[in-house]
Visitor: 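My questions all concern the structure below.
Here is how names work: the chains are called A, B, and so on, in the same order as the sequence lines, proteins then strands, and each is numbered from 1.
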Amino acid sequence: MADEIPVYDPAAVEQKWRTRWHERGTNSVDLAGPRPYYALMMFPYPSAEGLHVGNLFAFTGNDIFARFQRMQGHTVFEPLGYDAFGIHSENYALKMGVHPTELIPRNIANFRRQLERGGLMVDWRHSVDTTDPAYYKWTQWVFLQLLRRGLAYKKKAAVNWCPTDKTVLANEQVIAGACERCGTPVEQRTLEQWFFRISEYAPRLLENLSWIDWSETTKAAQRNWIGRSEGAEIVFLAPLGGDRPPDPNENAAVLDSAEIRVFTTRPDTIFGATYLVLAPEHPLVPAITTTGQRPAVSAYRARSTKQDLVTRRVSREKTGVFTGAYALNPASNTLIPIWIADYVLMEYGTGAIMAVPGHDERDFEFATAFGLPIVRVVAGDGEEAHSPLAVPFTDNENGRLVSSGEFDGLSVRDGSQRIVAKLAARGAATVVVNYRLYDWCISRQRYWGPPIPVVYCDLCGMVAVPEADLPVRLPYLENFKPDDSGVSPLARDESWYIAPCPECGKPARRETDVSDTFLDSAWYFLRYPSTDRDDVAFDPALTKTWLPVDSYIGGNEHAVLHLLYSRFITMVLHDAGMLDFEEPFQRFRAHGHIIRDGAKMSKTHGNVVNPDVYMDQWGADTLRAYLMFLGPYQEGGDFRDQSISGVRRFLDRVWSSVAQMRDDGEPQEEVTRKLQQTIRKVGEDIPRLSFNTAIAAMMEYVNVLRRGERTPQRAEVEPLVQLIAPFAPHVAEELWERMGHVASVFDSSWPAFDARLAAEDTMDLPVQVRGKTRGTVRVPRDIAQADAYAAAMATPAIAKFVTGEPTKIVFVPGRLLNIVL
RNA sequence: GCCGGGGUGGCGAAAUCGGUAGACGCACGAGACUUAAAAUCUUGUGGGGGAAACCCCAUGCGGGUUCGAUCCCCGCCCCCGGCACCA
């Protein structure tokens with residue numbers, strides 16, 4: 001090192017180390033290495049626009065964490081792949097008039113280039129591409145495992161249909177009655193669809209949330225989605241065949257009657273149930289409807305089943321029709337009318353409710369609209385028991401039962417229990433738990449996805465494609481545009497869909513639907529370690545070593561879709577004896593999102609950041625560190641062009657510290673102490689993903705290091721280079737090499753924290769008078785209270801506030817002294 | 001409506017088993033270097049008052065607990081995200 005200080009040239013340094021890492025295999029993981037650590041990040045959809053700065057933000061956080069784990073002595077596996085099937089790609093291909101089989105490889109190549117440029121420690125030998133037959137062969141295999149276990153089934157179902165994308169959508173993909181992709185109002189259509197029985201797993205999917213180490217926001221979203229509610233099913237008997245209101249004096253039990261089961265979370269309010277409501281599609285409706293009401297009821301049913309979901313969900317106006325029938329309220333023993341209305345959903349609970357207008361807003365609205373009786377059966381403390389209700393009373397914390405016979409005076413909770421117990425004794429009620437989670441509709445009438453591996457034979461019926469015959473390859477279709485028919489474009493290619501029946505060999509017909517993209521991504525983490533194996537989906541030994549995933553990082557936009565499906569598929573494979581764990585991700589952290597100028601980045605806002613531009617101008621290391629510095633990783637932040645210079649300045653200062661470094665002296669005590677504190681801080685912050693404060697701590701250290709005219713010593717800068725390495729890997733490698741090291745800095749051990757070197761003998765003890773800080777005194781760290789007090793009183797600036805005798809002295813050793821007067 | 005997360009300088013943000021509020025960075029001001037500018041270095045910067053030493057106010061709003069509250073409790077307001085005619 002001569003007098004000339006070499007200039008930090010990011011472009012040259014980064015180019016050099018990309019090549020070097022490749023040549024040396026620095027990022028190639030030894031899957032048999034010690035202390036395996038699987039650091040997974042959500043794989044991207046390779047869009048034509050290229051890598052988004054938001055992707056880079058997400059990946060960089062994971063990369064820092066992974067590199068840190070490696071320097072802690074772990075063998076770290078940090079794979080990345082491409083989620084390239086799906087409507088997004090297909091629509092883009094349609095728009096551009098390019099076939100997806102051409103488009104996707106092009107996009108992937110561009111992504112790969114940008115990702116490598118970002119300096120990620122990814123082992124590309126273990127990548128996946130969901131559109132590769134070598135991958136989707138196993139996606140089809142996963143489907144067959146569910147089929148075999150009775151967890152995949154086909155049924156005619158009212159499904160969400162997007163008229164723009166011309167496809168079925170899962171409930172998860174319908175936001176406020178509209179398609180999450182294009183915003184078009186969703187219609188209801190009845191089609192034959194494939195479903196997975198995820199609802200059967202609802203209790204486990206919910207319960208496990210109590211012990212997995214995930215972001216609270218994500219767990220809350222899943223809990224909301226699964227939607228558990230505790231309550232009771234109560235039986236109401238409805239006498240049949242009468243065209244007149246039954247005589248209450250008549251013995252209802254002797255009449256032929258229908259059992260109407262309702263679900264309620266408020267059995268305590270049963271004395272206030274003044275009518276029943278069935279969903280229009282409820283199967284008992286034809287049986288109970290009286291002759292006189294038949295025309296009105298049929299008209300209403302016809303209308304509401306045709307009605308699309310939007311009208312039904314967005315306009316909350318209450319409509320309904322009286323069936324003419326009555327049911328016996330098993331608690332109050334009175335006859336109450338039975339109505340049908342579309343505010344009661346067939347898909348949830350029993351498709352029937354007991355309406356308690358006094359204590360439920362919806363029932364209140366309905367009762368008001370149709371002039372049905374509103375009875376109060378819960379009253380608040382000190383409230384007149386029979387005070388009329390202008391609005392439904394829903395305070396179930398303080399409420400007490402009234403007008404409820406023997407149950408009067410009980411709390412909501414006790415009342416519920418006692419009433420259910422009493423009804424249960426005569427078989428009229430059962431305690432039940434309901435979930436809002438519906439089965440997962442996985443079929444899509446589109447082109448760009450894995451064909452569902454099933455064949456229909458006139459003789460043998462539905463036959464699963466044998467595993468040995470997988471993959472069922474997606475044929476090349478010139479015209480893959482979807483149409484309104486509700487049938488997949490694959491149904492146009494007879495040469496493809498006519499196939500021999502696997503059982504009898506006679507010509508049969510392939511399933512022409514493809515599966516949902518979310519199935520591709522529900523198991524990809526199992527594939528990464530085993531990409532070398534083409535005979536199994538996942539190698540048992542490798543899976544035992546590497547899974548479950550140690551750390552998973554991704555966006556919260558996948559909190560309910562991808563994460564829930566992945567957990568479900570894992571549980572199924574666990575139950576099938578193929579995995580020895582049932583939760584795929586031990587730890588999950590949701591990262592935040594990068595916005596710019598206070599708005600989400602989008603082409604319409606014109607505020608999209610192309611990472612290439614910033615890597616050209618500042619270097620990848622600077623961009624990485626800046627993204628991590630601009631805000632808390634789990635909250636995201638605002639990308640501001642102006643602020644990036646501060647991070648570059650910091651790296652410049654690290655660079656010149658190394659360039660000027662000397663080997664001929666002792667490290668300075670204050671610098672050493674600060675260094676130790678920084679080692680501790682950075683080592684604590686990285687596992688917490690608190691990257692912004694870790695960078696701030698390193699900046700503080702560099703400020704101390706560069707203070708004054710002195711030349712830094714090796715022992716002062718060498719650990720610094722290791723600390724910055726996860727954040728700025730290229731420049732750290734370069735500096736590490738310039739300091740004389742041959743091996744990669746990532747094969748060095750993270751600097752050890754030495755508490756003795758970090759400790760200081762003296763400190764500035766804050767002194768408060770009456771709780772207000774009035775100054776500090778320089779005292780030994782382990783000073784006793786009396787000495788601290790004496791020191792404070794010896795400081796005029798503090799003593800002058802002590803105007804009388806102290807009544808109390810609060811002393812927290814090492815923290816503060818408070819003199820109370 | 002229910003469930004999460006959040007509200008701190010001009011800006012991005014630190015600090016929560018209760019203990020000097022505003023670390024670090026941006027921007028801005030002053031100075032050094034320079035013919036000059038850029039870069040770099042030094043230094044200042046929450047608001048108000050004061051010549052100054054200093055004083056007062058301040059973590060969305062209003063109360064409370066405490067020697068001491070950004071942090072805990074009660075009652076509100078606002079922003080972001082999830083769920084939503086789910087009984």
Visitor: Hey, does A/Ser229 reach any base, or is it just sugar-phosphate, or nothing, if we go heavy atoms under 4.0 Å?
Guide: sugar-phosphate
Visitor: Using only heavy-atom distances, determine whether the side chains of A/Ser229 and A/Tyr348 contain a donor-acceptor pair under 3.5 Å.
Guide: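 The criterion, which ignores hydrogens and geometry beyond distance, is satisfied for A/Tyr348 and A/Ser229.
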Visitor: Watson-Crick or G-U wobble partner for B/C83, using a 3.5 Å limit on both distances?
Guide: B/G1
Visitor: Using atom OH of A/Tyr626 as one end and atom C1' of B/G12 as the other, report the distance to the nearest whole Å.
Guide: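 Answer to the nearest Å: 7 Å.
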Visitor: Within the 3.5 Å criterion, strictly below it, is a donor on A/Asn703 or A/Arg653 matched to an acceptor on the partner's side chain?
Guide: yes
Visitor: State the pairing partner of B/G44; accept Watson-Crick or G-U wobble contacts with both distances under 3.5 Å, and report none otherwise.
Guide: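 Matched B/G44 with B/C28 under the 3.5 Å cut-off.
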Visitor: For B/C54 and B/G7, measure between their P atoms and round to the nearest Å.
Guide: 34 Å
Visitor: Please tell me which of A/Ala221 and A/Arg707 maps to the more 5' nucleotide of RNA chain B, matching each residue to the nucleotide holding its nearest heavy atom.
Guide: A/Arg707
Visitor: Could you give the CG-to-P distance, from A/Asp764 to B/A23, as a whole number of Å?
Guide: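 Roughly 16 Å, once rounded to whole Å.
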Visitor: Whole-Å distance between B/G81 C1' and A/Trp225 CH2?
Guide: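 In whole Å, B/G81 C1' and A/Trp225 CH2 are 15 Å from each other.
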Visitor: Between B/G82 and B/U66, how many Å separate the two P atoms, rounded to a whole number?
Guide: 42 Å
Visitor: Quick one: which of B/A87, B/A27, B/C24 gets closest to the side chain of A/Asn703?
Guide: B/C24
Visitor: When the ring planes of A/His558 and A/His562 are compared, do they come out parallel, tilted or perpendicular, using 30° and 60° as the limits?
Guide: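 It falls in the perpendicular class, over 60°.
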Visitor: Please report the distance separating the C1' of B/C73 from the corresponding atom of B/G29, rounded so that it comes out in whole Å.
Guide: 45 Å
Visitor: Is it the case that the base of B/G82 and the side chain of A/Gln222 share a donor-acceptor contact (distance under 3.5 Å, atom types as modelled)?
Guide: no
Visitor: For A/Arg266 and A/Ala696, take the nucleotide of RNA chain B holding the closest heavy atom to each; which residue's nucleotide lies nearer the 5' end?
Guide: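 Of the two residues, A/Ala696 wins.
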Visitor: How would you label the contact of A/Phe801 with the nucleic acid (heavy atoms, under 4.0 Å): base, sugar-phosphate, or nothing?
Guide: sugar-phosphate
Visitor: Looking only at side-chain atoms of A/Lys318, point me to the closest of B/U20, B/C85, B/A15.
Guide: B/C85
Visitor: Step through it carefully: locate the ring centre of A/Phe518, locate the ring centre of A/Trp440, and say whether they are under 6.0 Å apart.
Guide: no
Visitor: Need one value for A/Gln642: base, sugar-phosphate or nothing, where a base atom within 4.0 Å counts as base even if backbone is also close, heavy atoms only.
Guide: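 Since only primed, P, OP1 and OP2 atoms lie under 4.0 Å of A/Gln642, the category is sugar-phosphate.
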Visitor: Taking only the side-chain heavy atoms of A/Ser645 (C-beta and beyond), determine which of B/A87, B/C26, B/G4 contains the nearest atom.
Guide: B/C26
Visitor: Base, sugar-phosphate alone, or nothing: which one does A/Asn692 contact when heavy atoms must sit under 4.0 Å apart?
Guide: sugar-phosphate
Visitor: With a 3.5 Å limit on both atom pairs, tell me what B/C17 is paired to, counting Watson-Crick and G-U wobble, or say none.
Guide: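 No nucleotide pairs with B/C17.
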Visitor: For the pair made of CZ in A/Arg653 and P in B/A39, what is the distance, rounded to whole Å?
Guide: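 So the CZ-P distance, A/Arg653 to B/A39, works out to 15 Å.
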Visitor: Compare side-chain N and O positions of A/Arg649 against OP1 and OP2 of B/C26 and report whether any pair is under 4.0 Å apart.
Guide: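 True: A/Arg649 side-chain N/O within range (under 4.0 Å) of B/C26 OP1/OP2.
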Visitor: Would you mind calling B/G7 syn or anti? Take O4'-C1'-N9-C4 for purines or O4'-C1'-N1-C2 for pyrimidines, and syn is within 90° of 0.
Guide: anti
Visitor: Round to a whole Å and report the spacing from CG of A/Leu705 to P of B/C41.
Guide: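 Roughly 13 Å, once rounded to whole Å.
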Visitor: Which one, B/G5, B/C26, B/A15, comes nearest to the side chain of A/Thr693?
Guide: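 The answer is B/A15.
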Visitor: Below 3.5 Å, does any donor atom in the side chain of A/Asn818 face an acceptor in the base of B/C67, or the other way round?
Guide: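 Looking at the base of B/C67, it does pair with a donor or acceptor on the side chain of A/Asn818 (distance under 3.5 Å).
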Visitor: Checking all strands, does A/Lys772 fall into the base, sugar-phosphate, or nothing category for heavy-atom contacts under 4.0 angstrom?
Guide: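 Answer is sugar-phosphate: A/Lys772 comes under 4.0 Å of backbone atoms only.
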Visitor: Please give the distance between the C1' atoms of B/U70 and B/G18 as a whole number of Å.
Guide: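 These two C1' atoms come out 11 Å apart once rounded.
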Visitor: With a 3.5 Å cut-off and no angle check, do the side chains of A/Ser199 and A/Asp439 form a donor-acceptor pair?
Guide: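 Yes.
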Visitor: Can you tell me how the ring of A/Phe322 sits relative to the ring of A/Trp339, calling it parallel under 30°, perpendicular over 60° and tilted otherwise?
Guide: tilted
Visitor: Specify the separation, in whole Å, of atom CZ of A/Phe691 and atom P of B/A13.
Guide: 17 Å
Visitor: Using whole Å, report how far NE2 of A/His593 lies from P of B/G82.
Guide: 10 Å
Visitor: If pairing requires Watson-Crick or G-U wobble contacts with both distances under 3.5 Å, which nucleotide is the partner of B/C61?
Guide: B/G75
Visitor: Taking the P atom of each, how far is B/C17 from B/A32, in whole Å?
Guide: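 One P to the other, the span is 46 Å.
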Visitor: Considering only B/C26, B/A23, B/G25, which nucleotide approaches the side chain of A/Glu700 most closely?
Guide: B/A23
Visitor: Determine the Euclidean distance between corresponding C1' atoms of B/G12 and B/A84; express it in Å to zero decimal places.
Guide: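 Here B/A84 and B/G12 have their C1' atoms 35 Å from each other.
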Visitor: So, applying ring pair (Phe, Tyr, Trp, His ring centres under 6.0 Å) with A/Phe639, which one of A/Phe57, A/Phe629, A/Tyr626 is it?
Guide: A/Tyr626
Visitor: For atom P, what is the distance between B/G60 and B/C79, given to the nearest Å?
Guide: 16 Å
Visitor: With respect to the side chain of A/Thr265, which nucleotide from B/C85, B/A87, B/G12 is positioned closest?
Guide: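 The closest nucleotide is B/A87.
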Visitor: B/C2 C1' sits how many Å from A/Ile226 CD1, rounded?
Guide: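 One finds 16 Å between C1' of B/C2 and CD1 of A/Ile226, rounded.
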Visitor: May I ask you to establish whether A/Lys318 and A/Tyr343 are in a cation-pi arrangement, using a distance under 6.0 Å from NZ or CZ to the six-membered ring centre and at most 45° from the ring axis?
Guide: yes
Visitor: With a non-hydrogen cut-off below 4.0 angstrom, is A/Arg774 in contact with a base, only sugar-phosphate, or nothing?
Guide: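 Result for A/Arg774 = sugar-phosphate.
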Visitor: Using the C1' atom as the reference point in each nucleotide, state the distance between B/G46 and B/A58 in Å, no decimals.
Guide: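 Rounded to whole Å, the distance is 8 Å.
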Visitor: Between B/G5, B/C3, B/C26, which one does the side chain of A/Arg640 approach most closely?
Guide: B/C26
Visitor: Name the nucleic acid region contacted by A/Leu816, choosing base, sugar-phosphate or nothing; use a 4.0 angstrom heavy-atom cut-off, strictly under.
Guide: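 Answer is base: heavy atoms of A/Leu816 come under 4.0 Å of a base.
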Visitor: Name the nucleic acid region contacted by A/Arg436, choosing base, sugar-phosphate or nothing; use a 4.0 angstrom heavy-atom cut-off, strictly under.
Guide: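 The residue A/Arg436 makes base contact.
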Visitor: Among B/G19, B/G12, B/C3, which nucleotide sits nearest the side chain of A/Leu630?
Guide: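 Selected nucleotide: B/G12.
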Visitor: Watson-Crick or G-U wobble partner for B/A36, using a 3.5 Å limit on both distances?
Guide: none
Visitor: Select base, sugar-phosphate, or nothing to describe what A/Asp652 touches, counting heavy atoms under 4.0 Å on all strands.
Guide: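 Nothing, no nucleic acid heavy atom in range.
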Visitor: Would A/Arg567 count as a cation-pi partner of A/Trp214, with NZ or CZ less than 6.0 Å from the six-membered ring centre and within 45° of the ring normal?
Guide: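 Because its charged atom sits under 6.0 Å from the ring centre and within 45° of the axis, A/Arg567 does stack over A/Trp214.
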Visitor: OP1 or OP2 of B/A21 less than 4.0 angstrom from a side-chain nitrogen or oxygen of A/Thr773, does that happen here?
Guide: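 True: A/Thr773 side-chain N/O within range (under 4.0 Å) of B/A21 OP1/OP2.
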